Amino acid sequence: MEVPREKDHGDFATGLAMLLARPARMAPRKIAEIIVNNFSLTGTWVERVEIAGPGFINFYLKPNWVYRVLPLILDRQEDYGRVSIGCGKQVQVEFVSANPTGLLHMGNARGAALGDTIASILDYAGYSVAREFYINDSGKQIENFGLSLEARYFQLLGRDVPLPEDGYHGEDIIDTVRGFIDQHGDALLQSESLERRAALVEYALAEKLEAIRQVLQDFGVHYDVWFSESTLLESGAIQDTLNILRERNYIYENDHALWFKASDFGMEKDEVVVRSNGLPTYFLSDIAYHRNKFLRGFDRVIDVWGADHHGHVARMKSAMAALGNDPAALEVVIMQLVRLYQGGELVRMSKRSGQYVTLEELVEEVGKDAARYFFVMRSSDSHLDFDLDLAKAETNENPVYYIQYAHARICSILRQYAEQYGERPAPGEADFNLLREESEFALARKLADFPGEVASAARGLAPQRIARYAHELAGLLHSFYNSQRVITTDRALSDARLLLVDATRITLRNALQLLGLTAPERM
RNA sequence: CUCCCAGUAGCUCAGCUGGAUAGAGCAACGGACUUCUAAUCCGUAGGUCACAGGUUCGAAUCCUGUCUGGGAGGCCA
């Protein structure tokens, strides 16, 4: 049973007869006839049944059946659209997890919008959701970070010291170190390098993390857990993980390094987990981290990664399998790259040149709502062309405003109604049989689709479905608005229409909320 | 060389588990403001769903191959 695209094909349709044709060795239309002849309409919302085309059975419902959804929406309010397919299962969504050594870029921004929206949708679909940020605060890049901070420290205190070759060249850490000196003076000049770097790193990480937290908060993203990589080392979790893998016979030594037998799981080659210098690789600590996630009891673990990490997916899944976890319980959403356009030109971004747009600048430029919408309106596995000019445009070219405008319009109607007629009617007081216009049916029918859209979006981890739904719903509202008046001299009709648009307002607001966008009452 | 993603209207993209005449937005063209917000609406035009085979009642969708674009293949993360 499905909902046909063409409304001429009924409210529901089925291709059952065609599927049965082969096993039953009978013409599809003949089978359809038998089914239809044995279908009783009494006591149902079905008005008539027709056989069409090669053997489709189309069901046409009584005209006002859709309006049964209106009292439901008005009753459930912000819960309309919630479904329970998640059955309360525990899901963790980890996203962004950017190095705390720099600023957030466009790729992080897409990950933030995507991860946060996926989490919201899963929550709405009945899962118990935890959002997590993984802090890469140990390992080689932190060592580099320390060396760069140290160099800046010396430079600011008048010594001519070059930055390390593969260090952080970003100007932002100059300010960080200046802040450190303001607070702590130059006492570290006399210290051991190790001690000096540790102090600088501790200070800088705290500052950088706080900045990241703040920027993400301004972007509407809040985390339940900030998980620090270094705790894995301190707690011995990395060693434990290695031991388990070894016990299970997935570890061997070669060239003084320890290797994980990824080839046992169909990988092309094995992977180093402990370098010949005795230090664990990023891969090993990431295995330990994911093991930790499952130990915490999550039924599903979802990671949002950039396309440049896709090679890591199969490795991590095989590591989970090696540890005895179900590799299917780890799902990785891979998002393709973001390309930034301005003035019709591709904006080249590279960290090396310091030429990149940060999330902070983006929010400042185009605003949270437009930015978030643009990031989730495309499927995560499509490349995203982000048009800065379009996102900034306060015109009809911008789909964000199109949706928000629909919401604001309804709010305006509600205000006018209150002025003219006072208290709005209770759902039971309105006669929805008065709604006979095609634009009214279409609107109500779309409203009824919302819970199903949420379920689909949750199943497919596909926020773009909600973005598209909101856009389509807004379109139907605008269309209705331009063909019919809500507030008329006919009080009964006005009441019915008022509740129709109020239900639309509620649904629009819920969809916008899922996307992390505001639902303005005036524009 | 191997693997991943994409290829659909002039542009950017939807198209859920295979369904009926492939859809939006932008751009183009023509209309609608004495009317609850014109950031809106209505209409016109625009297609060899990259290409070639295959699977079947039926393919943009599934399979195979080819081509094009992007990404990945470190004792980096």
Side-chain angles (χ1 to χ4, degrees), chain A residues 2 4-6 8-9 13-15 17-19 21-22 27-28 52-56 58 99 136 139-141 144 166 254-259 267-269 271-283 285-286 306-314 334-337 339 341 344 377-385 387 390 393-406 408-417 419-420 452-453 455-457 459-460 462 464-465 467-468 471-472 474-475 477-488 494 497-498 501 522-523:
Chain A
E2 64 198 15
R5 230 174 254 171
E6 283 292 319
D8 291 345
H9 297 142
T14 178
M18 275 112 76
L19 291 174
R22 180 185 273 266
F56 286 102
N58 296 338
N99 279 334
N136 298 113
K140 198 163 184 172
Q141 84 273 3
N144 273 332
D166 49 358
N254 189 26
D255 289 341
H256 307 290
L258 295 182
W259 297 71
M267 301 289 100
E268 269 180 54
K269 54 187 174 51
E271 300 289 334
V272 171
V273 287
V274 178
R275 302 185 185 94
S276 49
N277 63 9
L279 293 174
T281 60
Y282 167 84
F283 183 44
S285 64
D286 220 17
D308 52 342
H309 283 64
H310 88 259
H312 199 51
V313 177
I334 292 292
M335 52 170 185
Q336 300 297 319
L337 297 181
R339 282 181 300 218
Y341 283 84
M377 72 187 205
R378 300 290 178 232
S379 155
S380 56
D381 49 28
S382 276
H383 290 251
L384 181 73
D385 289 331
D387 186 332
L390 179 58
E394 293 195 2
T395 67
N396 55 339
E397 295 170 38
N398 195 327
V400 184
Y401 295 110
Y402 183 83
I403 300 168
Q404 294 183 322
Y405 185 52
R409 267 187 154 171
I410 297 170
C411 291
S412 174
I413 294 171
L414 294 176
R415 287 191 294 268
Q416 304 261 345
Y417 180 95
E419 242 173 64
Q420 195 162 334
E453 281 297 325
S456 290
R459 264 193 289 272
Q464 79 275 8
R465 292 188 70 98
R468 192 162 48 90
H471 195 261
E472 286 170 357
L477 185 277
H478 287 311
S479 198
F480 161 77
Y481 180 94
N482 276 276
S483 65
Q484 313 297 332
R485 284 189 61 86
V486 173
I487 300 170
T488 65
S494 301
R497 285 184 175 162
L498 187 82
V501 297
R522 294 171 204 272
M523 286 176 75

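Source: prediction; values computed, not measured. A note on names: the letters A, B, ... follow the listed sequences, proteins ahead of strands, and every chain is numbered from 1.
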A.B. asks: Under 4.0 angstrom, heavy atoms only, what part of the nucleic acid is A/E419 near: base, sugar-phosphate, or nothing?
C.D. replies: nothing
A.B. asks: Starting at CZ of A/F56 and ending at C1' of B/rC57, how long is that distance when rounded to a whole Å?
C.D. replies: 10 Å
A.B. asks: Where along nucleotides 69-77 of chain B does protein come under 4.0 Å, by heavy atom, of base (B) or sugar-phosphate alone (S), with - for untouched nucleotides?
C.D. replies: -SBSSSBSB
A.B. asks: Determine the interatomic distance between C1' on B/rU48 and the same-named atom on B/rU8; round to the nearest Å.
C.D. replies: 12 Å
A.B. asks: Is the ring centre of A/Y402 under 5.5 Å from the base ring centre of B/rA39, and are the two planes under 30° apart, so that they stack?
C.D. replies: no
A.B. asks: Between the side chain of A/T281 and the main-chain N/O of A/V272, is any donor-acceptor distance below 3.5 Å?
C.D. replies: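 Present.
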A.B. asks: Look at the side chain of A/D385 and decide which nucleotide, out of B/rC13, B/rU40, B/rC16, has an atom nearest to it.
C.D. replies: B/rC13
A.B. asks: Please pick, from B/rC36, B/rA14, B/rC57, the nucleotide with the shortest atom-to-atom distance to any side-chain atom of A/S382.
C.D. replies: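 Within the option list, the nearest is B/rA14.
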A.B. asks: Could you give the distance separating B/rG43 and B/rG54 at their C1' atoms, to the nearest angstrom?
C.D. replies: 43 Å
A.B. asks: Say you pick atom P in B/rC11 and the same atom in B/rG53; how far apart are they, in whole Å?
C.D. replies: 26 Å
A.B. asks: Please measure how far the P atom in B/rC63 lies from the corresponding atom in B/rU55, and state the result in whole Å.
C.D. replies: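 To the nearest whole Å, 15 Å.
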A.B. asks: Whole Å only: how far is the CZ atom of A/F480 from the C1' atom of B/rC42?
C.D. replies: 16 Å
A.B. asks: Check every strand shown and say whether A/A406 touches a base, only sugar-phosphate, or nothing at a heavy-atom separation below 4.0 Å.
C.D. replies: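 Result for A/A406 = nothing.
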A.B. asks: Which nucleotides of nucleotides 29-35 of chain B have their base under 4.0 Å from a protein heavy atom (B), which only their sugar-phosphate (S), and which neither (-), written as one string 5' to 3'?
C.D. replies: ------S
A.B. asks: What integer distance in Å separates A/D381:CG from B/rC13:P?
C.D. replies: 12 Å
A.B. asks: Separation of A/Y401 atom OH from B/rA38 atom P, in whole Å?
C.D. replies: 18 Å
A.B. asks: Give me the stems containing RNA chain B, sorted by first residue, counting only three or more consecutive Watson-Crick or G-U pairs with both distances under 3.5 Å; say none if there aren't any.
C.D. replies: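 So the stems come out as B:1-7 with B:67-73, B:10-13 with B:23-26, B:28-32 with B:40-44, B:50-54 with B:62-66.
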